[in-house]
Amino acid sequence: MTTRMLATAVAAMLVLAATAAQAQTVQKCVTRGGLARYQSEPCARGERTAEIWDATPDPVAPASDEPRPRTRSTTRSRTARRTPRTSVAMLQTHDECADARAYRDAVERRAGLARNYDLLSALQERVYRACR
């Protein structure tokens, strides 16, 4: 009975390896009616193969355990004081458009594949209002 289970496991592994190799290409098949379909298998009879391309995903770098380097100091020295003059200068150089874009990009990264149309529309509207 164990040899039968081993044979079944080996057969399953071979089937998975074969499907993984096929899934690395995408084929665009066009029907006689002009309808285009994208699939990983060869085109069916009566369909024309319009394009074939490699769809191997890029390798993902493993996350690093090292902390990211700081780009600017988060603490101010005690001698550095903000005067009304520097506050006004800081407000004048503040770029709302760039901030809105950075916020949009950060939210999209955090959302990953869970982003939806409503989220993307709200973020784009925020950028539009800030940049016009």
Side-chain angles (χ1 to χ4, degrees):
M1 186 113 159
T2 58
T3 56
R4 185 174 179 194
M5 291 174 63
L6 180 62
T8 305
V10 169
M13 299 263 297
L14 290 174
V15 168
L16 288 174
T19 49
Q22 281 184 343
Q24 293 178 355
T25 61
V26 174
Q27 298 188 10
K28 179 180 178 182
C29 303
V30 180
T31 64
R32 290 182 183 158
L35 180 68
R37 294 187 312 140
Y38 297 90
Q39 58 192 32
S40 59
E41 295 98 22
C43 297
R45 282 190 175 172
E47 293 182 347
R48 178 176 56 90
T49 303
E51 288 183 67
I52 298 176
W53 63 91
D54 185 34
T56 306
D58 294 331
V60 177
S64 175
D65 291 340
E66 297 177 21
R68 285 190 256 165
R70 289 186 174 177
T71 55
R72 69 175 214 207
S73 176
T74 56
T75 59
R76 282 192 333 203
S77 67
R78 292 183 184 195
T79 58
R81 290 189 175 186
R82 234 182 235 180
T83 64
R85 191 180 224 166
T86 57
S87 297
V88 169
M90 287 174 61
L91 288 175
Q92 289 174 348
T93 60
H94 186 69
D95 188 7
E96 290 181 19
C97 183
D99 288 346
R101 287 180 178 150
Y103 177 78
R104 175 195 61 199
D105 296 341
V107 170
E108 287 178 355
R109 273 194 302 277
R110 274 189 310 228
L113 295 176
R115 49 186 149 174
N116 58 24
Y117 179 78
D118 293 332
L119 174 67
L120 295 175
S121 295
L123 292 171
Q124 191 59 33
E125 179 64 27
R126 182 179 180 154
V127 171
Y128 174 75
R129 278 187 272 122
C131 295
R132 60 178 164 164

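- Chaining together hydrophobic side chains whose heavy atoms lie under 4.5 Å apart leaves Y128 on its own.
- Counting Ile, Leu, Val, Met, Phe, Trp and Tyr side chains that sit under 4.5 Å apart, directly or through other members, L113 stands alone, with no cluster partners.
- Heavy atoms only, all atoms of each residue included: V127 and A100 are closest at CG2-O, 3.6 Å.
- When the side-chain hydrogen bond (donor to acceptor under 3.5 Å, both in side chains) test is applied to Q39, the partners found at least two apart in sequence or on another chain are R37.
- Cluster partners of Y103, using a side-chain heavy-atom cutoff of under 4.5 Å among ILVMFWY residues and allowing indirect links, are V107, L119, L123.
- Applying the salt bridge (Lys or Arg N to Asp or Glu O under 4.0 Å) definition to pairs two or more places apart or across chains, none involves residues 24-36.
- Applying the side-chain hydrogen bond (donor to acceptor under 3.5 Å, both in side chains) test to R104 and every residue at least two apart in sequence or in another chain returns Q124.
- By the side-chain hydrogen bond (donor to acceptor under 3.5 Å, both in side chains) test, D54 is found to be paired with T56, residues two or more places apart in sequence or in another chain being considered.
- Within the structure, disulfide bond (SG atoms under 2.5 Å apart) contacts touching residues 102-132 (residues at least two apart or in different chains) are C97-C131.
- Listed by chain and residue number, nothing satisfies the salt bridge (charged side-chain N to carboxylate O under 4.0 Å, His left out) test with R101 (two or more places apart in sequence, or in another chain).
- Between the CZ atom in R109 and the CZ atom in R115 there is a gap of 10.0 Å [rounded to 0.5 Å].
- Residues satisfying the salt bridge (charged side-chain N to carboxylate O under 4.0 Å, His left out) criterion with R48, sequence neighbours excluded, are absent altogether.
- Considering only residues two or more places apart in sequence or on other chains, E125 meets the salt bridge (charged side-chain N to carboxylate O under 4.0 Å, His left out) condition with R129.
- Under the side chain to side chain contact (heavy atoms under 4.5 Å, CB included) rule, C43 has a single partner from E47, E41, R45, which is E47.
- Evaluation of the side-chain hydrogen bond (donor to acceptor under 3.5 Å, both in side chains) rule for E108 yields no partner, not counting sequence neighbours.
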